[in-house]
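What you see is a predicted model, and the numbers here were worked out from it, not measured in a lab. In what follows, chains are A, B, ... by sequence order, proteins preceding strands, each numbered from 1.
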Amino acid sequence: MSAETPAKKNYKDTVRLPKTDFPMKADLVTREPQRLAKWEAGGLYQRIMKQSAGRPKFVLHDGPPFANGDVHMGTALNKVLKDIIVKSKTMAGHHAPFIPGWDCHGLPIEFKVVKEAKDLAPAEIRTRSEAYARKFIDIQRQSFKRLGIFGDWENPYLTLTPGYEADIMRTFAKFVEKGLVYRAKRPVQWSYGAQTALAEAEVEYKEKTSPAIYVKFAVLTPGFSRLQEDGYSLVIWTTTPWTLPANLGIALHPDFEYTAGTFAHEDGRQEKLILANSRLEAFSASTGFKLDESRPTTKFKGSTLKGAEAQHPFLPRGSKVINALFVTNDTGTGAVHMAPGHGADDYIAGKENGLEVLSPVDDQGNFTAECGLPEFVGQHVFKSNEGIIAILEGKGALLGNEKYVHQYPHCWRSKTPIIFRAVEQFFIRINDFRQDALKAIDTVNWLPAWGRNRIHGTVESRPDWCISRQRTWGVPLPVFYAADGSILMEGEISRKVADAVELHGTNLWFEKDDAFWCDLIGLPEGSKRCKDTLDVWIDSGSSSVAVLERHPELYCPADVYIEGTDQHRGWFQSSLMVSVAVRGTAPYKTVITNGFVVDTSGKKISKSDQEQQGDDKGKDGKDKEKAKSGKPMTAEHYFNKYGSDMVRLWAASVDYQNDVPFSEELFQQTGESYRRIRNTFRVLLGNLNDEKVEQASSLPEATKMVAPHSYTLIDRWILERLHSIVSDCLAGFAAYDFRKVVSTITQFVSGDLSALYIDITKDRMYCDAENSPRRRATQAAIREITETLTKLLAPILAYTADETWEFLGHADSVHLQDFPQPNETFANAEAGAAVEDLLKARAVIQQAIEAARQAKKIGSNLEATVKLTLPEAGFAHAIFSDLPALQEFFILSDLHLTRGPDLAATVEVCTNPKCERCWKLLPDVGTIAEHPTLCGRCAEAVG
RNA sequence: GGGCAUGUAGCUCAGUUGGUUAGAGCACCGCCUUGAUAAGGCGGGGGUCACUGGUUCGAGUCCAGUCCUGCCCA
């Protein structure tokens with residue numbers, strides 16, 4: 001009576017279902033830290049280095065992030081890409097050390113420190129800045145390690161260490177020795193907010209409203225040729241009225257046509273003015289002054305007035321008329337106000353024409369006595385615009401005044417508008433080696449290729465490098481001033497400073513007095529140290545000297561630099577310029593750029609935006625709201641919520657050479673891919689659970705236990721596919737195309753493994769006798785597939801691959817393995833051709849079955865009787881006459897074959913009895929007395 | 001405003017020297033399965049290939065222009 005129940009149960013127990021402890025739920029957030037701890041305890045990175053010692057080297061040089069703030073997703077993307085490169089190069093047979101670094105000096109840190117406590121002594125600022133930097137180095141290091149990035153984390157390079165600082169100074173010494181450094185009073189981009197000069201890379205452009213005014217300058221020189229009468233005024237246009245006290249000249253384009261004539265205003269005013277012809281109309285539209293055609297006018301070229309003298313509108317001095325080619329005719333009047341102390345073009349043109357450099361503005365951006373207007377001394381220049389306009393108006397020199405909205409440079413740290421201001425600064429003369437740098441660019445492989453043009457253009461047009469900063473948190477500019485004020489700048493002097501710094505750090509410079517240093521260097525008594533520090537781009541730009549050449553494991557040029565696209569102007573360039581100046585060649589062989597992380601609406605999510613959000617919290621409602629709606633952008637948030645492998649998979653599956661879209665939704669999408677891969681690994685591992693122990697312990701020979709001829713067609717096919725997947729992935733890694741690797745593997749896992757191979761081989765794996773040759777053959781194939789995929793994924797899914805490797809029975813980490821090589825045995829795609837035909841037939845069958853299923857005639861495929869018509873031509877492979885093999889491939893109980901004109905299939909309800917064990921509907925069920933509910937195969941398997 | 005990039009399904013991306021009905025993965029809808037089950041299978045919907053014009057028998061692909069977005073610069 002109850003005999004059937006235990007019997008049923010018994011048959012179910014004889015089915016060899018996949019069994020594994022490899023969890024379906026990844027639980028990366030808790031498991032990854034455990035694995036990381038294991039890696040660290042075992043010194044995995046050091047072991048990889050030891051194991052790969054002696055192989056061809058591959059050096060990826062880490063561009064140092066600022067030791068400031070948490071790890072942003074953009075930084076995480078970059079670091080993960082670096083790690084994938086290093087791991088894949090290692091597995092491809094290289095010795096690839098990774099020495100991470102941090103950029104420690106500079107304004108961002110000093111700014112925070114000074115904000116927290118005012119009026120600190122320089123030495124104190126430096127102590128606090130170092131502590132600040134080290135705090136964030138630790139924070140970032142934890143995040144990078146957590147992201148699964150392998151490297152010598154305990155011995156990173158820091159630009160604040162004495163050795164590095166000394167090398168910066170020695171690099172400077174080389175510049176000095178090559179005669180590339182000079183000191184000059186030149187206009188620089190000055191931040192009054194941060195009170196320092198700024199480099200090109202330290203300014204950002206934002207919209208600003210400025211007063212745009214038209215001002216007349218009376219021409220003094222009487223009877224100037226071609227001017228028929230006197231009393232004319234040149235008209236200039238400027239958006240910076242505050243620079244007028246520094247006006248020393250007026251520039252005209254030598255070739256433009258100018259008109260001198262009488263202009264009348266509606267209000268009755270009349271003026272005798274000179275403007276460029278092309279600007280007359282715009283001038284009239286802005287000011288209301290129209291040229292009175294009835295009065296005599298004179299036309300002449302700008303070169304005519306060269307050398308004339310005009311009257312400064314409110315100061316008792318002249319303004320010299322000069323010619324300059326940079327005068328344009330798209331804005332203004334064709335006559336440009338020249339203040340050599342307040343503009344780069346002005347400075348150059350002024351120098352050529354013998355104008356002085358006047359810059360009556362102090363560090364805070366306030367006027368000094370030199371401005372010649374006592375009432376303005378001590379007042380901020382931007383607050384003085386209105387007063388100056390009032391003076392002009394009072395003197396009758398103001399012809400027009402409007403609001404002008406334009407993109408204006410701002411300080412990246414203090415966010416204040418910058419001013420051009422002439423101060424004594426140190427510069428590197430670029431022209432002396434610009435051509436060498438341009439040549440060096442063409443020795444480098446730029447990825448993507450347009451990077452070459454980008455940096456070429458940058459280097460071609462860049463001005464001299466302003467390398468001095470009036471800041472405290474940086475490497476001192478190692479030069480001295482003699483008692484008479486003259487400069488003591490020699491390579492030898494700087495080297496002596498460097499040697500002392502190497503031993504004691506740069507704090508020595510700030511702690512000891514001038515007498516100490518004069519004594520140490522051997523300078524005459526009374527000499528004084530320079531108070532400036534070096535531009536931080538010299539710091540990081542010197543890394544090819546301070547790191548690549550110094551570190552025993554590295555070399556120069558490095559094989560690869562990879563950073564965000566903004567570094568064409570930043571680190572790629574500063575590194576290039578330093579390297580070319582110092583050794584004449586580029587510091588890198590290949591330069592890869594990654595795009596910026598943007599949200600899905602295509603907006604840039606920058607680190608400084610994120611910081612702004614944090615900084616501005618609570619300041620006002622608007623920013624608060626912005627901070628609230630802002631998405632978290634720290635890597636920590638995402639690896640703590642989704643796991644590091646998810647961040648890594650995201651990084652590997654986007655087109656990093658363009659801007660990289662990022663959103664929570666995208667993360668969920670990545671999660672789907674991840675789960676698919678993981679679940680597939682889980683089944684594969686489950687199917688290996690009864691692999692012979694001897695096999696597992698004699699790895700990797702296990703995969704070779706079944707000779708190729710024992711494989712069935714479907715096994716040979718999947719191994720052929722695997723063969724080409726290996727080739728594709730290796731090619732993808734070699735081309736730094738990780739997206740290709742991910743999509744290749746994803747599609748293989750989803751399309752070939754999950755939907756076909758695993759599905760088709762379920763029957764033999766579950767229901768065949770344990771040692772049936774085809775079952776063992778498939779098991780061997782599964783081991784090869786799993787091991788191969790695990791190794792291919794290891795550089796990307798650093799944690800999951802390692803976990804899988806462990807479940808494959810290996811004691812040690814997958815990261816000590818090399819990449820698999822394509823198996824030549826399966827290179828000829830013999831099975832692939834047959835499977836192509838099989839898949840065509842399968843599609844036709846599935847459509848027929850689906851129709852029956854939708855019509856509720858059948859449920860599972862096994863309930864169908866399928867009549868398949870194959871075309872007369874083709875479908876010639878032996879398998880098309882092997883009915884059992886076809887039934888297995890199509891996963892059917894009952895298949896009938898005919899040949900006809902077209903490929904076609906019809907479906908009927910199968911009437912055979914169902915085998916209780918394998919669930920197929922087969923005619924021989926019930927023919928075995930011992931097992932009345934089983935088919936022949938199952939009866940035999942049960943024994 | 002200039003230089004360099006970019007724009008193919010809801011999302012991330014393929015689309016070879018121009019050549020059938022533009023593909024994949026994920027998402028979505030329906031069905032099946034419950035022996036991969038917080039899984040798996042099958043089927044399906046979904047695209048004016050940014051826009052406009054041109055070359056061509058034929059253009060996502062080549063040419064010109066426009067627009068969007070990003071980087072760098074002014």
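- In this structure, A:Arg842 reaches the sugar-phosphate backbone alone: every heavy-atom distance under 4.0 Å involves primed, P, OP1 or OP2 atoms, never a base.
- Heavy-atom minimum distance, A:Ala437 versus A:Leu576: O-CD2, 4.1 Å.
- Near RNA chain B, meaning a heavy atom under 4.0 Å from it, residues 20-27 of chain A has A:Met24 in order of number.
- Every residue was checked against the ring-ring contact (aromatic ring centres under 6.0 Å, His included) condition with A:Tyr766, not counting sequence neighbours, and none meets it.
- Residues that satisfy the ring-ring contact (aromatic ring centres under 6.0 Å, His included) test with A:Phe420, not counting sequence neighbours, are absent from this structure.
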Heteroatom pairs (N/O) under 3.5 angstrom, protein to nucleotides 30-34 of chain B:
unit_1	atom_1	unit_2	atom_2	d
B:rG30	N2	A:Glu850	OE2	3.1
B:rC31	O3'	A:Lys856	NZ	2.9
B:rC32	OP1	A:Lys856	NZ	2.8
B:rC32	O2'	A:Gly859	O	3.2

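- Nucleic acid contact class of A:Ser653 (heavy atoms, under 4.0 Å, all strands): sugar-phosphate only.
- Annotation: side chain to side chain donor-acceptor pair (under 3.5 Å) contacts involving residues 741-752 of chain A, sequence neighbours excluded, comprise A:Arg676-A:Ser750, A:Arg721-A:Asp752.
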Could you list the protein-to-nucleotides 62-64 of chain B atom pairs, N/O on both sides, closer than 3.5 Å?
none

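- A:Tyr561 pairs by the ring-ring contact (aromatic ring centres under 6.0 Å, His included) definition with A:His61, A:Trp571, A:Tyr588, not counting sequence neighbours.
- The side chain to side chain contact (heavy atoms under 4.5 Å, CB included) check on A:Gln847 picks up nothing, with sequence neighbours excluded.
- Taking the ring centre of A:Trp190 as origin, the terminal cationic atom of A:Arg421 falls inside the region bounded by 6.0 Å and 45° from the ring axis.
- Under the 6.0 Å distance and 45° angle rule, A:Arg279 does not count as a cation-pi partner of A:Phe256.
- Dashed line: the shortest gap from a side-chain N or O of A:Arg676 to OP1 or OP2 of B:rA27 is not under 4.0 Å.
- Not a single ring-ring contact (aromatic ring centres under 6.0 Å, His included) links A:His337 to another residue, sequence neighbours left out.
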Listing time: all N or O pairs from protein to nucleotides 14-16 of chain B that are below 3.5 Å?
unit_1	atom_1	unit_2	atom_2	d
B:rA14	OP1	A:Arg739	NH1	2.8
B:rA14	OP1	A:Arg739	NH2	2.2

Distances under 3.5 Å between nitrogen or oxygen atoms of protein and nucleotides 3-10 of chain B:
none

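- For the pair A:Gln567 CD and B:rG70 P, the computed distance is 19 Å after rounding to whole Å.
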Applying the Watson-Crick and G-U criteria (both distances under 3.5 angstrom) with [ ] for crossing and | for other-strand pairs, one obtains for RNA chain B (((((.(..((((.....[...)))).(((((.......))))).....(((((..]....)))))).))))).
